[in-house]
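The next block holds one structure in the form of structure tokens; read it before the comments.
Source: prediction; values computed, not measured. In this chain, residues are counted from 1 in sequence order.
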Amino acid sequence: MRVAAIILAAGESARLGRPKQDVVLGVETLLERAVRVAGEAGLSPIIVVVREARYVLALSQRGATVLLNRKAHEGMATSISCGVQWAKDLGMSGAVLLTCDQPGLRPDHLRTLAADQTITTASAYAGRKGVPAYFPATAFDSLLALRGDVGARELLRDAPAIEDRNLSLDVDTEEDFRAAQILFER
């Protein structure tokens, strides 16, 4: 499998009021959790796009390639471009885009997304399609063309999707974090 994981973790976490990358759930941060799950899914390399250099050492020690996005203030598309360009330069056959704020993410879901490496495949939850999502290398140029504070949602509109209700909880607010604690710190 020549499928990279691209973890988008350069957001400001404005609604949470603190970096969600640093939020501890159980024995690990949300960011460490995303790296672990991507590794357990067999995705390699694991590329993490961050806005602050302070994450580089810890994530590198976990086997991740950490890219610093100095244009993160321009929007999510810059983080997507940063990670996808790296995957493209490595000659990857595809990549799974994911974030670090979905504590219900499981390795088997990531493997299922990338099962057919020829088609873009989204996740479905809460009545919509979104990330994590698999993109074959043929979609890399479309991802690189994104601009501003937009994700890949438009590219997923007509894509098949794999349902996973566990993904509907995003840690965007303190209330979301408390819900995640109840579900995942048993």
Side-chain angles (χ1 to χ4, degrees), residues 1-11 13 16 19-52 55-67 69 76 79-80 82-84 86-87 90 92-117 120-126 128-136 143 151-152 156 159 161-172 176-186:
M1 185 189 283
R2 300 235 345 118
V3 177
I6 300 174
I7 301 172
L8 306 172
S13 307
L16 186 60
K20 62 178 77 174
Q21 300 89 329
D22 298 339
V23 171
V24 176
L25 191 59
V27 297
E28 60 194 352
T29 67
L30 290 175
L31 187 50
E32 292 167 342
R33 183 183 189 102
V35 169
R36 177 180 55 78
V37 170
E40 289 173 359
L43 301 175
S44 179
I46 299 169
I47 302 165
V48 183
V49 182
V50 297
R51 88 171 33 221
E52 296 178 36
Y55 297 107
V56 173
L57 181 61
L59 295 175
S60 296
Q61 290 174 339
R62 292 179 177 269
T65 297
V66 184
L67 305 178
N69 180 5
M76 187 186 311
S79 289
I80 292 171
C82 188
V84 169
W86 192 268
L90 290 174
M92 303 306 295
S93 58
V96 175
L97 292 184
L98 61 146
T99 60
C100 69
D101 64 354
Q102 293 175 304
L105 182 64
R106 297 181 334 263
D108 61 314
H109 182 73
L110 296 178
R111 282 190 293 272
T112 303
L113 287 173
D116 183 344
Q117 294 184 17
T120 297
T121 307
S123 294
Y125 48 89
R128 63 185 174 154
K129 293 180 184 179
V131 295
Y134 170 77
F135 294 89
L143 289 164
L156 298 174
I162 297 171
E163 180 78 29
D164 190 340
R165 292 185 196 126
N166 294 315
L167 298 173
S168 54
L169 176 61
D170 289 352
V171 178
D172 290 329
D176 296 336
F177 174 58
R178 286 189 293 278
Q181 285 179 306
I182 291 167
L183 290 172
F184 299 101
E185 288 187 343
R186 297 178 190 164

* **Spatial distance of atom CD (Glu32) from atom CG (Asp22) [nearest 0.5 Å]** => 9.0 Å

* Quick one: are Leu98 and Val37 in side-chain contact, heavy atoms under 4.5 Å? -> no

* Asked: So do Tyr55 and Val48 actually touch side chain to side chain, heavy atoms under 4.5 Å?
  -> no

* Heavy-atom distance under 4.5 Å between the side chains of Leu183 and Pro103, does that happen here? -> no

* Could you pull out the closest heavy-atom pair between Pro132 and His109, with the gap in Å? => CG-CD2, 4.1 Å

* Quick one: are Leu8 and Val131 in side-chain contact, heavy atoms under 4.5 Å? -> no

* **Test side-chain contact (heavy atoms from CB on, under 4.5 Å) applied to Leu97 and Leu143, step by step** => CA-CA 10 Å; Leu97 292 184; Leu143 289 164; 4.0 Å; yes

* For the atom pair OG1 (Thr65) and CG (Leu90), what is the distance rounded to the nearest 0.5 Å? -> 7.5 Å

* To do: For the pair Ser79 (side chain) and Val49 (backbone), establish whether a donor and an acceptor sit closer than 3.5 Å, ignoring hydrogens and angles.
  => no

* Nearest atoms (heavy-atom pairs only) where Ile6 meets Ala95 -> CD1-CB, 3.7 Å

* **Partners passing side chain to side chain donor-acceptor pair (under 3.5 Å) against Arg36 (at least two apart in sequence or in another chain)** => Glu28, Glu40

* To do: Evaluate the side-chain proximity of Thr121 to Asp116: yes if any heavy-atom separation is below 4.5 Å, no if none is.
  => no

* Where is the tightest heavy-atom contact between Met92 and Pro45, given as atom of each residue plus distance? -> CE-CD, 3.5 Å

* From CG (Leu30) to CG (Asp170), nearest 0.5 Å -> 10.5 Å

* **Atom pair SG/CD1 of Cys82 and Ile80 - distance to nearest 0.5 Å** => 11.0 Å

* Heavy-atom pair with the smallest gap, counting every atom of Ala122 and Leu113 -> O-CD2, 3.4 Å

* What pair of heavy atoms forms the shortest contact from Val3 to Ala114, and how long is it? -> CG1-CB, 4.3 Å

* Structure fact -> Asp172 meets the side chain to side chain donor-acceptor pair (under 3.5 Å) criterion, sequence neighbours left out, with Arg15, Lys20

* Please answer whether the main-chain N or O of Leu31 pairs with a side-chain N or O of Gln21 as donor and acceptor at a distance below 3.5 Å. => no

* To do: Starting at CZ of Phe177, measure out to CD1 of Ile182 and round the result to the nearest 0.5 Å.
  => 10.5 Å

* Are Leu167 and Leu105 side-chain neighbours, meaning at least one heavy-atom pair lies under 4.5 Å? -> yes

* Asked: For the side chain of Tyr134 and the backbone of Gln117, is there at least one donor-acceptor N/O pair under 3.5 Å apart?
  -> yes

* Minimum side-chain heavy-atom gap Ser123-Asp164 below 4.5 Å -> no

* Do you know the tightest heavy-atom contact between Phe135 and Ala152? -> CZ-CB, 3.7 Å

* Asked: How far does CG of Leu59 sit from CD1 of Ile7, to the nearest 0.5 angstrom?
  -> 8.0 Å

* Asked: Distance-only, no hydrogens or angles: does the Lys129 side chain make a donor-acceptor pair with backbone N or O of Ala161 under 3.5 Å?
  -> no

* Non-hydrogen side-chain atoms of Arg33 and Leu25 separated by less than 4.5 Å -> yes

